[in-house]
Amino acid sequence: MEPGARWLVLVIRIPAEPSRHRVAVWRELRRIGALSLGQGVWAVPDVPVFVEGVSRALELTEKSGGVAVCLDASGRGPEDAARLRDMFTAARSADWAAFLTDCGKFEAEIARRLRIAEFALAELDSGERSLERLRRRHRDLAARDVFGAPESAEAAARLGTCAAVCEDYAKRALAALHESR
């Protein structure tokens with residue numbers, strides 16, 4: 001995406017009660033990686049990966065009796081465009097940092113299981129489900145990281161490490177289970 005990229009700016013007003021409507025819209029916007037610019041004002045790059053989520057947020061707003069305005073925008077000058085891009089990339093960097101933390105937790109849990117020789121089929125299945133959740137999250141983050149946050153390469157490598165750790169655990173668990181029979 002180019003530095004002078006186009007943006008969608010959403011201005012959303014939702015009745016205070018019931019709060020579940022505000023929360024549903026907020027969660028949808030956070031899920032797609034929208035950048036909060038202020039109370040009820042959100043921005044995303046105007047690229048296809050955000051279309052479905054923006055549409056869902058607008059629909060949720062309307063269903064709740066709220067009002068939403070979606071504007072096409074760009075910075076007035078190169079500084080504004082760069083500032084928006086940098087704010088969006090900083091938000092993606094925070095997402096990647098959280099992902100890397102979760103990868104560390106996954107690796108620590110597998111190391112704990114190996115250390116205490118916890119090789120039940122349920123534990124093996126749990127590890128594989130956790131790895132699949134990390135893979136889905138990585139795909140989602142990579143799709144919305146349209147400017148390429150610096151942490152994305154480290155995150156991809158770390159996901160590979162998690163996959164290798166899980167595969168090694170699976171081999172050891174299956175061998176242990178086979179020996180116990």
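Here the structure is a predicted model, which is why all the values come from computation and not from measurement.
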Considering all heavy atoms of both residues, which atom of [X] and which atom of [Y] are nearest to each other, and what is their separation?
X      : Y      : value
Ala173 : Phe119 : CA-CD2, 3.5 Å
Arg137 : Asp95  : NH2-O, 4.0 Å
Ala155 : Trp96  : CB-CE3, 3.2 Å
Leu60  : Ala24  : CD1-O, 3.9 Å
Ile110 : Tyr169 : CG2-CB, 3.7 Å
Cys162 : Cys103 : SG-CB, 3.6 Å

Measure the shortest side-chain to side-chain distance between [X] and [Y] over non-hydrogen atoms and say whether it is less than 4.5 angstrom.
X      : Y      : answer
Ile32  : Glu52  : no
Leu29  : Ile12  : yes
Arg158 : Glu107 : yes
Glu128 : Cys166 : yes
Val44  : Val9   : no
Trp42  : Val11  : no
Arg135 : Glu132 : yes
Leu134 : His138 : no

Is atom CD of Glu167 surrounded by more than 12 heavy atoms (other residues, nucleotides or ligands) closer than 6.0 Å?
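Open.
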Working to the nearest 0.5 angstrom, can you tell me the gap between [X] [atom1] and [Y] [atom2]?
X      : Y      : atom1 : atom2 : value
Arg172 : Leu177 : CZ    : CG    : 14.0 Å
Ile14  : Ser64  : CD1   : OG    : 4.5 Å
Leu141 : Glu151 : CG    : CD    : 11.0 Å

Between [X] (side chain) and [Y] (backbone), is there a donor-acceptor pair under 3.5 Å?
X      : Y      : result
Ser93  : Thr89  : yes
Arg22  : Ala16  : yes
Arg92  : Ala142 : no
Ser130 : Ser126 : yes

Testing Leu10, Thr61, Leu58 one by one against Val25 for a side-chain contact (heavy atoms from CB on, under 4.5 Å), which residue passes?
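It is Thr61; the other options fail the test.
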Parallel, tilted or perpendicular: which describes the rings of Phe147 and Phe88, with under 30° parallel and over 60° perpendicular?
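Perpendicular: the ring planes of Phe147 and Phe88 meet at over 60°.
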Using a distance-only test with no angle check, is there a side-chain donor-acceptor pair under 3.5 angstrom linking Trp7 and Asp72?
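The answer is no; no qualifying pair exists.
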Determine, step by step, whether Arg144 and Asp140 satisfy the salt bridge (charged side-chain N to carboxylate O under 4.0 Å, His left out) criterion, reporting the C-alpha distance in whole Å, the side-chain angles of both residues, the deciding distance to 0.1 Å, and the verdict.
CA-CA 7 Å; Arg144 66 181 184 236; Asp140 291 346; 5.7 Å; no
side-chain contact (heavy atoms from CB on, under 4.5 Å) evaluation trace for Arg133 with Asp102
CA-CA 10 Å; Arg133 278 192 298 275; Asp102 289 345; over 6 Å; no
Hey, are Glu109 and Arg113 close enough for a salt bridge, meaning a charged N less than 4.0 Å from a carboxylate O?
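Counted as a salt bridge, because a side-chain N and a carboxylate O are separated by less than 4.0 Å.
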Tell me whether Arg112 is salt-bridged to Glu118, with the criterion being a basic N under 4.0 Å from an acidic carboxylate O.
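Result for this pair is yes, salt bridge flagged.
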Tell me whether [X] shares a hydrophobic cluster with [Y], the cluster being built from Ile, Leu, Val, Met, Phe, Trp, Tyr side chains joined at under 4.5 Å.
X      : Y      : answer
Val51  : Val146 : no
Leu8   : Leu37  : yes
Trp26  : Val67  : no
Val41  : Leu84  : yes
Leu131 : Leu121 : yes

For salt bridge (charged side-chain N to carboxylate O under 4.0 Å, His left out), just list the numbers for Lys63 and Glu59, CA-CA rounded to whole Å, side-chain angles, deciding distance to a tenth of an Å, and then say yes or no.
CA-CA 6 Å; Lys63 282 183 178 178; Glu59 181 181 321; 3.1 Å; yes
